[in-house]
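Just the heavy atoms: all of them, side chains too, but no hydrogens, waters or symmetry mates, feed the values below. Throughout, a chain's letter reflects where its sequence line sits, starting with A, and its residues are numbered from 1.
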2 protein chains.
Amino acid sequence: MEEKRRKLGAPIPDAQPSATLLDSGSVAGSPAAAAVEPVNPRLPIAPQIYERLRRAITTLIVLPSEALSEKELSLQLGVSRTPVREALIRLADEGLVDILPQRGSFVAPIRLRDVEEAQFIRESLEVAVARRLAGHCSPRFLSELKLNLARQESAVAEQDRDFFLELDEAFHRGLCEEAGLSKSWRVIQSVKLQMDRVRYLSLPEPGHLDVLLAQHRQITEAIERGQADEAGLHMSAHLKEVLGSANLLRQKLAHLIES
Amino acid sequence: MEEKRRKLGAPIPDAQPSATLLDSGSVAGSPAAAAVEPVNPRLPIAPQIYERLRRAITTLIVLPSEALSEKELSLQLGVSRTPVREALIRLADEGLVDILPQRGSFVAPIRLRDVEEAQFIRESLEVAVARRLAGHCSPRFLSELKLNLARQESAVAEQDRDFFLELDEAFHRGLCEEAGLSKSWRVIQSVKLQMDRVRYLSLPEPGHLDVLLAQHRQITEAIERGQADEAGLHMSAHLKEVLGSANLLRQKLAHLIES
DNA sequence: CCTTGTACTCTACCATGGTAGAATGTCAAT
DNA sequence: ATTGACATTCTACCATGGTAGAGTACAAGG
């Protein structure tokens with residue numbers, strides 16, 4: 001039960017052309033000169049390619065304006081061009097890739113205008129979610145939320161930024177889902193990609209996490225008390241805070257940024 | 001200069017299997033027993049297929065749960081399966097098609113929950129757009145807007161529903177673009193698809209168009225005066241009105257609706 | 001009658017080859 | 001030195017064939 005799939009053509013040229021770095025985050029230490037981590041041929045391939053490329057772009061493993069050709073990627077990843085192409089199309093839909101017909105596909109530049117609009121869309125939606133949720137949460141959910149906040153506190157105490165970001169995402173996703181708005185979360189996730197590259201660049205300022213945690217608390221309390229206006233205002237302030245450093249970046253990273 | 005493309009394989013089996021109706025809205029009278037209108041082989045094909053299918057679904061030419069198989073569509077439309085597949089993937093992203101791996105692709109049922117959430121997303125965004133726009137329009141744009149409103153008035157006078165809906169779309173799109181929020185309009189368009197099928201079903205109630213026009217005027221005036229709160233409230237009321245008839249439909253169309 | 005196994009048919013999914021078009025470099029003509 | 005034609009070499013895009021898997025019909029066995 002090893003090669004159930006992969007019976008047909010393509011000797012698979014061993015994925016060796018110009019050892020590039022598209023490995024996703026394999027947490028456990030990988031052996032020394034590991035080539036590119038192969039995809040799982042038992043699972044749908046296109047989503048795997050999409051996820052890997054998305055991660056490589058948002059973590060700046062591949063930089064803006066870098067070429068992402070169907071053929072090269074398919075060789076590196078050991079799959080055919082079709083799923084690569086489908087992944088690129090989806091990334092282009094989300095604004096992370098520019099496809100120029102008959103010319104090539106390239107990592108999209110960080111367009112500050114797009115980042116700001118993504119911020120606008122996210123804020124508009126999440127403020128509305130918070131307002132709708134105010135006073136309409138199950139006790140079950142409120143206790144979940146507080147457990148999450150407690151974990152955030154310990155993440156802050158240990159200065160574990162990655163863990164905090166993970167809990168932050170769970171916090172916001174949880175609000176959407178408790179409100180029965182899963183599609184909204186999908187939209188938020190989609191536009192958030194534009195901001196993720198910027199967030200990845202922003203240096204971890206000391207004390208920033210404390211601010212974010214405090215804002216999460218304010219949002220939670222306003223929702224619990226049923227104060228829709230306050231919940232919305234706190235959410236708005238919180239989401240503005242997240243991207244506050246964009247102006248700082250504008251100078252430092254002019255070479256990655258368009259507009 | 002007729003067959004510049006289309007040199008390679010596929011005799012193209014004349015697109016005759018089970019004359020189905022996927023013609024898009026060819027306004028001019030087409031000859032008698034015209035088969036399916038062929039795609040333009042000089043232009044990118046996948047978007048044409050997408051647009052045609054989207055239109056067929058939102059105008060209920062193809063009904064919920066109807067099969068949309070890659071192969072059959074490619075035969076009917078005289079193209080290969082690849083662009084059909086890409087169009088179906090995009091439609092699935094937008095919730096108009098359900099793709100079940102190894103089973104088939106089907107027109108998605110009208111899920112009232114999804115329709116309501118689409119309404120929520122649209123309202124959240126457009127209220128924010130109206131608020132942001134209040135007091136920040138160019139005189140140029142305001143006169144454009146009033147020209148549009150005047151045309152809406154004549155469309156109402158002539159009871160030309162299609163023309164009114166066209167102007168309505170231009171009105172809302174214009175607000176987004178004047179605010180510099182083109183991506184937001186794309187999101188709105190995408191979620192609006194869920195509502196379009198319902199709107200298409202709603203019978204033209206007499207006097208309804210007058211209400212919508214009056215609301216457009218209220219929104220415009222509040223924006224012109226720079227009254228953000230009022231603009232938002234009018235927009236909210238307006239967008240709620242658009243879908244007010246959903247409850248009426250729930251009974252009449254139980255066979256098309258899920259949940 | 002109900003279950004189980006087994007061909008058979010259908011699907012979406014992936015691999016892969018061919019095509020036109022865009023960019024670039026070369027070289028002759030101006 | 002500049003321009004224009006042509007060849008070369010890329011690209012994304014489309015066509016098409018093969019594959020595994022999910023249903024279904026039906027026969028054999030309970």
Side-chain angles (χ1 to χ4, degrees), chain A residues 1-13 15 17-18 38-50 53 65-93 97-107, chain B residues 1-13 15 17-18 38-50 53 65-93 97-107:
Chain A
M1 64 187 282
E2 227 277 314
E3 288 281 290
K4 255 202 174 167
R5 217 155 179 160
R6 181 91 47 231
K7 284 284 177 52
L8 63 165
I12 300 183
S18 76
V39 302
N40 184 343
R42 324 277 298 280
L43 267 43
I45 295 180
Q48 296 181 68
I49 309 294
Y50 165 80
L53 289 174
S65 86
E66 193 165 327
L68 294 176
S69 94
E70 283 180 10
K71 186 188 243 176
E72 191 180 342
L73 288 172
S74 69
L75 290 175
Q76 284 180 17
L77 298 168
V79 301
S80 83
R81 303 196 312 275
T82 303
V84 172
R85 173 173 164 74
E86 286 169 5
L88 288 174
I89 288 174
R90 185 159 168 205
L91 289 164
D93 257 13
V97 165
D98 291 337
I99 298 179
L100 310 186
Q102 269 56 311
R103 301 218 282 129
S105 300
F106 306 89
V107 179
Chain B
M1 65 188 284
E2 226 279 313
E3 286 283 289
K4 254 206 175 164
R5 219 156 178 160
R6 182 93 45 233
K7 284 282 178 53
L8 63 165
I12 302 184
S18 76
V39 301
N40 183 345
R42 323 276 300 277
L43 268 43
I45 296 180
Q48 296 181 69
I49 309 294
Y50 164 80
L53 288 174
S65 86
E66 193 165 327
L68 294 176
S69 94
E70 284 180 9
K71 186 187 243 176
E72 191 180 342
L73 287 172
S74 69
L75 290 175
Q76 286 180 16
L77 298 168
V79 300
S80 83
R81 303 196 313 273
T82 302
V84 172
R85 173 174 164 74
E86 286 169 7
L88 288 174
I89 288 173
R90 184 158 170 204
L91 290 164
D93 256 13
V97 164
D98 292 336
I99 298 179
L100 310 186
Q102 269 57 303
R103 301 219 280 129
S105 300
F106 306 89
V107 179

- Task: Start with the C-alpha gap between A:L53 and A:L73, add the side-chain angles, then the distance that decides, and say whether side-chain contact (heavy atoms from CB on, under 4.5 Å) holds.
- Result: CA-CA 10 Å; A:L53 289 174; A:L73 288 172; 4.2 Å; yes
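Within the 3.5 Å criterion, the main-chain N or O of A:P44 finds a donor-acceptor partner in the side chain of A:Q48.
Rounded to whole Å, the distance from CZ on A:R42 to P on D:dA22 is 12 Å. Distance CD1 (B:I89) to P (D:dC14): 13 Å, rounded to an integer number of Å. Atoms CD (A:E86) and P (C:dA15) sit 10 Å apart, rounded to a whole Å. C:dC13 atom P lies 17 Å from atom OH of A:Y50, rounded to whole Å. Look at CG on B:N40: it is 16 Å from P on D:dC13, rounded to the nearest Å. If you take CD1 of A:I45 and P of D:dA20, they are 13 Å apart, rounded to a whole angstrom.
Tested against B:F106, the residues B:I99, B:L100, B:V97, B:L68 include a single side chain to side chain contact (heavy atoms under 4.5 Å, CB included) partner, B:L100.
Checking the phosphate oxygens (OP1, OP2) of D:dC14, no side-chain nitrogen or oxygen of B:S80 falls inside 4.0 Å. Contact annotation: B:T82 does not reach the phosphate of D:dC14 (side-chain N/O to OP1 or OP2, under 4.0 Å).
Residues that satisfy the side chain to side chain contact (heavy atoms under 4.5 Å, CB included) test with B:Y50, not counting sequence neighbours, are B:R54, B:A87, B:R90, B:L91, B:E94, B:L193. In this structure, the side chain to side chain contact (heavy atoms under 4.5 Å, CB included) partners of B:E86, at least two apart in sequence or on a different chain, are A:R85, A:I89, B:A46, B:T82.
Rounded to the nearest 0.5 angstrom, B:S69 OG and B:L88 CG are separated by 9.0 Å.
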Please list, pair by pair, any protein nitrogen or oxygen found under 3.5 Å from a nitrogen or oxygen in nucleotides 10-12 of chain D.
unit_1	atom_1	unit_2	atom_2	d
D:dA12	OP1	A:S105	N	3.1
D:dA12	OP1	A:S105	OG	3.3
D:dA12	OP2	A:E70	N	3.4
D:dA12	O4'	A:Q102	N	3.3
D:dA12	N3	A:Q102	OE1	3.4

